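What follows is a single structure, written as structure tokens, with notes after it.
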Amino acid sequence: MNLRIPGPTPCPEEVLAAGARQMMNHRGPEFAQILRRVTDGLNWVFGSSTDVLSFTTSGTGGLEAAIVNTLSPGDRVLSVSIGSFGDRFKSIAKAYGADVVSYATEWGEAADPAVIARMLDDDPSIKAVLVTHNETSTGVTNPLEAIAREVRARDRLILVDAVSSMSSIPCPVERWGLDVVVSGSQKGWMVPPGLAFVYMSERAWAANAEAKMPRFYFDAAKTRDSLAKLQNPWTPAMSVYYALDKAFELMRAEGLEGIFTRHEAVANYTRERVKAMGLKLVPVDERYASNTVTAVWWPEGVDGKAISRRAREEFGVVLGGGQGKLEGKIFRVGHLGWVHQADVAEALDVVEKLLAEARARV
Ligand SMILES: *Cc1c(COP(=O)(O)O)cnc(C)c1O
């Protein structure tokens, strides 16, 4: 099976094998060592000099943790959404009683830092900005460093969904002045689903001391205090930690620059192949096209869902579909984590062949 959805992503055999290890005492010295090594690995990838927290949950749980640990009901928040995951981040804030102001682009477009700057200038009561680094539903990467610069200059908090970017494309949290940054294990980390990672800046911790949104399982302060004893407050997804411990060995051997360069090269290859087939990318401006997932319009008059089904059933190639209003209109190729050009080449060979057959029939 060639699993080409943007998460969960395929994992190296040795990582899966590491995850199959026998259970141990999750409050014992052996697991403490694993938690220390894994947290060091997270700090390395995030570019953080303080410990990144990990929660047993999926990426969405990490987004919920980001919200409830820094905000209070009634806090004014600017939601920057460029697709379905941006909308999800906003929905979580609303569910917990934030007073949400929206900046939404057309899907396929990136957010404009100047618009965010203007909205913050116009409304000094906005306390925090929610933004997606890499919008997995449209294959668009926001200019996060420039956005963060505007938010920082106006002294607001910036909460970032980096679920499908962190570990695959650069996102140095301290260098860019980000406040809360979330990622998820099943995306670029080469491990199964089960863990979300949450970085919090000093400013975020100061906000945490005042934050009144209800929280229990996702309490960051509890999690930080347990981590100081090299434990989790609750029973963690231990197998995913075992796997991640091994994945960090592979990542350190390749180096962060090597990982970023590989993702960039595979993404460039994917975009060039797709364009050479005469297909159109969903990102309107290719400068913002994602290096972890490529979203492509099915051509007019072609039954994309039927092609996806044949790709899976006859060739073992699993493509991502469109979400929300893009359902049936686009396909997505995930190229993050443990991915090489040959994986994408095989998938696109199949798409090319099935498309040619479909077009011949039209
Ligand atoms: C995958 C993803 C999430 C979280 O999804 P889960 O299914 O909860 O892990 C959030 N944001 C983005 C950008 C994602 O790609």
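Order of listing sets the numbers, starting from 1, for every ligand and every atom in it. The structure displayed is predicted, hence computed values, not measured ones.
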Is any side-chain N of the basic residue among E145 and R175 closer than 4.0 Å to the acidic one's carboxylate O? no
If you measure from each non-hydrogen atom of E135 to ligand 1, which part falls under 4.0 Å: side chain, backbone, both or neither? neither
Using the rule given for side chain to side chain donor-acceptor pair (under 3.5 Å), can you reason through N134 versus S164, listing the C-alpha separation, both sets of side-chain angles and the distance that settles it, and then say yes or no? CA-CA 6 Å; N134 185 78; S164 64; 2.9 Å; yes
Tell me if the centroids of the rings in F331 and W297 come within less than 6.0 Å of each other. no
Please determine whether a side-chain nitrogen of the Lys or Arg among D349 and R273 lies less than 4.0 Å from a carboxylate oxygen of the Asp or Glu. yes
Taking only heavy atoms of T60 into account, list the atoms of ligand 1 that are under 4.0 Å away from them. 4 (C), 5 (O), 6 (P), 8 (O)
Under 4.0 Å between a Lys/Arg side-chain N and an Asp/Glu carboxylate O for R152 and D179? yes
dist T138:OG1 -> I330:CD1 (nearest 0.5 Å) comes out at 7.5 Å
Flag N134 as yes when one of its N or O atoms lies below 3.5 Å from any N or O atom of ligand 1, and as no otherwise. no
State if Q186 counts as touching ligand 1 under the rule of any non-hydrogen atom under 4.0 Å. yes
Can you check whether W234 and F55 have ring centres sitting under 6.0 Å from each other? no
Do any nitrogen or oxygen atoms of G59 come within less than 3.5 Å of a nitrogen or oxygen of ligand 1? yes
Proximal atoms of ligand 1 relative to R88 (non-hydrogen, under 4.0 Å): 4 (C), 5 (O), 8 (O)
Please write down residue, atom name and distance for the protein heavy atom closest to atom 11 (N) of ligand 1. D161 OD2, 2.6 Å
Which of the numbered atoms in ligand 1 are below 4.0 angstrom from a heavy atom of S164? 13 (C), 15 (O)
Protein contact of atom 1 (C) of ligand 1 - nearest heavy atom, named by residue and atom, plus distance: K187 NZ, 1.4 Å
Which ligand 1 atoms, with their elements, are less than 4.0 angstrom from a heavy-atom of T136? 12 (C), 13 (C), 14 (C), 15 (O)
